S.K.: 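Below you'll find the structure I mean.
Small disclaimer: the values here were computed from a predicted structure and weren't measured. For ligands, and for the atoms within them, numbers begin at 1 and follow the listed sequence.
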Amino acid sequence: MLSTLAFSSGFSVSRSPVSQGRAGAPAMLYGEPRPVQIIPSVLPADWANMGAECKRLEDAGVDRIQFDVMDGNFVPNLTFGPELIAACKKYTTVKFETQLMVSQYNCETMLDEYTAATNQPGKPGVVIAHVEGNTHLHRTLTKIREGGGSPSVALNPHTPAEMIENVLDLCDHVLVMTVNPGFGGQAYIPTMVDKIKKIRGWIVDRGLDIDIEVDGGVKADWTIAACADAGANCFIAGSGMFAYENLADGCSELRTIAEAAQKGKGLPKGETIKDLDAVAA
Ligand SMILES: O=C(CO)[C@@H](O)[C@H](O)COP(=O)(O)O
């Protein structure tokens, strides 16, 4: 069955839903699903034991670990330097990613150091540059690639999708922020799904090999389901992951709900993974 999707930029595309959702509702995911990746943010971790915390996350089955780099300027908070990130590589082989929530000056002067700290042997680290912090995005993203990293570009919630349209050829990932960056534990902004859908439309229609990441208030509930349904496949979760005593449970629940949503089994507000299991049974 073909349906037509109208994007807010004014264009529309015909598409095949990947499957039928619950109660016969058509699945919304546009194009073929990309592998779900669960990426905890270490903001809620025990910072005094960061190496051990990274190992704990690796043992839980996560796909990457995100370090939120904050400089007290681009955002009103201060976190990790490249030395701390590099030091954690002694304790885990899981891939790292670094979200540079920093001013243009700090990005330009420290980008190579952060890229080197984020790369693991034989595994390019994902380095995320913010649209709002970089006047010369082509230069920043190219430098990340030249440093052996995997470039990603991030958008604050108020920033329109169009701001990254002309750098998609330089990126492996686009990060749609679902909170204003600076702090963990904030409430997910549900209106970001339209932005995710628009970017997903460009990626699929142009045949680009790009993941969409989402970050902020993403939990093992309707929030991750809505993002997966819109086209995100990489899910950054801080409080949503560390809420679990057994991190493997958190990783598995986040993954299960996202994969179900990709297949058209969404999770309405108020329902839990148990309701999903009940439908599958
Ligand atoms: O970049 C940020 C915040 O600036 C995020 O990575 C958050 O740290 C995610 O935390 P939760 O919203 O999942 O608690």
S.K.: Do Lys198 and Asp194 sit within salt-bridge range, that is, some charged N less than 4.0 Å from a carboxylate O?
M.R.: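 The answer is no: the pair does not qualify as a salt bridge.
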S.K.: If we set the cut-off at 4.0 Å for heavy atoms, which region of Gln66 has an atom near ligand 1: side chain, backbone, both, or neither?
M.R.: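 Side chain only.
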S.K.: Glu53 and Tyr91: side-chain donor and acceptor closer than 3.5 Å?
M.R.: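 Per modelled atom types, Glu53 and Tyr91 side chains form no pair under 3.5 Å.
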S.K.: For Met70, take its heavy atoms, then give the atoms of ligand 1 lying under 4.0 Å from any of them.
M.R.: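 Listed by number with element, the hits are 4 (O).
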S.K.: Quick check on contacts: which atoms of ligand 1 are under 4.0 angstrom from a heavy atom of Pro181?
M.R.: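 Numbered from 1, ligand 1 contributes 4 (O).
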S.K.: Under a 3.5 Å threshold, yes or no: a donor from one side chain and an acceptor from the other, between Thr93 and Glu58?
M.R.: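 Yes.
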S.K.: I'd like to know whether CG of Asp169 has more than 12 heavy-atom contacts from other residues, nucleotides or ligands below 6.0 angstrom.
M.R.: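 Above 12, so yes.
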S.K.: Taking it one step at a time, do Ile273 and Leu267 satisfy side chain to side chain contact (heavy atoms under 4.5 Å, CB included)?
M.R.: CA-CA 8 Å; Ile273 193 163; Leu267 198 62; 5.7 Å; no
S.K.: Measure the distance from atom 12 (O) of ligand 1 to every protein heavy atom, then report the residue, atom name and distance (to 0.1 Å) of the closest one.
M.R.: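 Sorting protein heavy atoms by distance from atom 12 (O) of ligand 1 puts Gly217 N, 2.8 Å first.
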S.K.: Is it the case that the side chains of Glu108 and His136 hold a donor-acceptor pair, with the cut-off being a distance below 3.5 Å and no angle test?
M.R.: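 No, Glu108 and His136 have no side-chain donor paired with an acceptor closer than 3.5 Å.
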S.K.: Is it the case that Asp205 and Tyr30 place a side-chain donor and acceptor less than 3.5 Å from each other?
M.R.: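 Checked: Asp205/Tyr30 side chains pair up, N/O donor to acceptor below 3.5 Å.
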S.K.: Counting heavy atoms only, which part of Met241 comes closer than 4.0 Å to ligand 1: side chain, backbone, both or neither?
M.R.: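 For Met241, there is no contact with ligand 1 at all, from either part.
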S.K.: Which of the atoms in ligand 1, numbered in the order shown and given with their element, are less than 4.0 Å from a heavy-atom of Met177?
M.R.: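 That gives atoms 1 (O) of ligand 1.
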S.K.: Main chain of Arg34, side chain of Gln262: is a donor-acceptor contact present, judged purely on distance under 3.5 Å?
M.R.: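 Yes, Gln262 side chain to Arg34 backbone: donor-acceptor pair under 3.5 Å.
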S.K.: What residue pairs, at least two apart or across chains, pass side chain to side chain donor-acceptor pair (under 3.5 Å) with a residue in residues 111-129?
M.R.: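 Residue pairs passing side chain to side chain donor-acceptor pair (under 3.5 Å), neighbours aside: Thr98-Thr118.
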S.K.: Please write down residue, atom name and distance for the protein heavy atom closest to atom 8 (O) of ligand 1.
M.R.: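 Of every protein heavy atom, Leu43 CD1, 3.0 Å lies nearest to atom 8 (O) of ligand 1.
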S.K.: Ignoring angles and geometry beyond distance, decide whether Ala237 reaches within less than 3.5 Å of ligand 1 through its nitrogen or oxygen atoms.
M.R.: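 No - when backbone and side-chain N and O of Ala237 are compared with those of ligand 1, no distance drops under 3.5 Å.
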S.K.: Below 4.0 angstrom from a heavy atom of Gly216, which ligand 1 atoms are there? Numbered from 1 as shown, please.
M.R.: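 By the 4.0 Å cutoff, the relevant atoms are 12 (O).
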S.K.: Show me the pairs that pass side chain to side chain donor-acceptor pair (under 3.5 Å) and involve residues 74-89, at least two apart or across chains.
M.R.: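 Listed once each, the pairs would be none.
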S.K.: For ligand 1, which atoms sit closer than 4.0 Å to a heavy atom of Met101?
M.R.: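 Near Met101, the atoms of ligand 1 are 1 (O), 4 (O).
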S.K.: Among all protein non-hydrogen atoms, which one is nearest to atom 9 (C) of ligand 1, and what is the separation to 0.1 Å?
M.R.: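 Residue, atom and distance for the closest contact: Asp215 OD1, 3.4 Å.
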S.K.: What is the closest protein heavy atom to atom 1 (O) of ligand 1, and at what distance does it sit?
M.R.: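 Checking every protein heavy atom, the shortest distance to atom 1 (O) of ligand 1 gives Asp68 OD1, 3.0 Å.
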S.K.: Out of all atoms in ligand 1, which are within 4.0 Å of some heavy atom of Ser41? Include the element for each.
M.R.: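 So the atoms of ligand 1 that pass are 6 (O), 8 (O).
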S.K.: List ligand 1 atoms under 4.0 Å from Gly185, heavy atoms only on the residue side.
M.R.: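 Taking each heavy atom of Gly185 in turn, ligand 1 has 11 (P), 12 (O), 14 (O) under 4.0 Å.
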S.K.: Among all the protein's non-hydrogen atoms, which is closest to atom 4 (O) of ligand 1, and how far away is it?
M.R.: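 Sorting protein heavy atoms by distance from atom 4 (O) of ligand 1 puts Gly182 N, 2.7 Å first.
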S.K.: Determine whether Val102 and Leu84 fall in the same hydrophobic cluster, where Ile, Leu, Val, Met, Phe, Trp and Tyr are linked whenever their side-chain heavy atoms lie under 4.5 Å apart.
M.R.: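 In one cluster: yes.
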S.K.: Report the nearest protein non-hydrogen atom to atom 3 (C) of ligand 1: residue, atom name, distance rounded to 0.1 Å.
M.R.: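 Going by distance alone, atom 3 (C) of ligand 1 is nearest to Phe183 O, 3.3 Å.
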S.K.: Under 4.0 Å from any heavy atom of Ser239, which atoms of ligand 1 are there?
M.R.: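 Selected atoms, number and element: 11 (P), 13 (O), 14 (O).
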S.K.: Give the residue and atom name of whichever protein heavy atom lies nearest to atom 13 (O) of ligand 1, and the separation in Å to one decimal.
M.R.: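 For this ligand atom, the closest protein heavy atom is Gly238 N, 2.8 Å.
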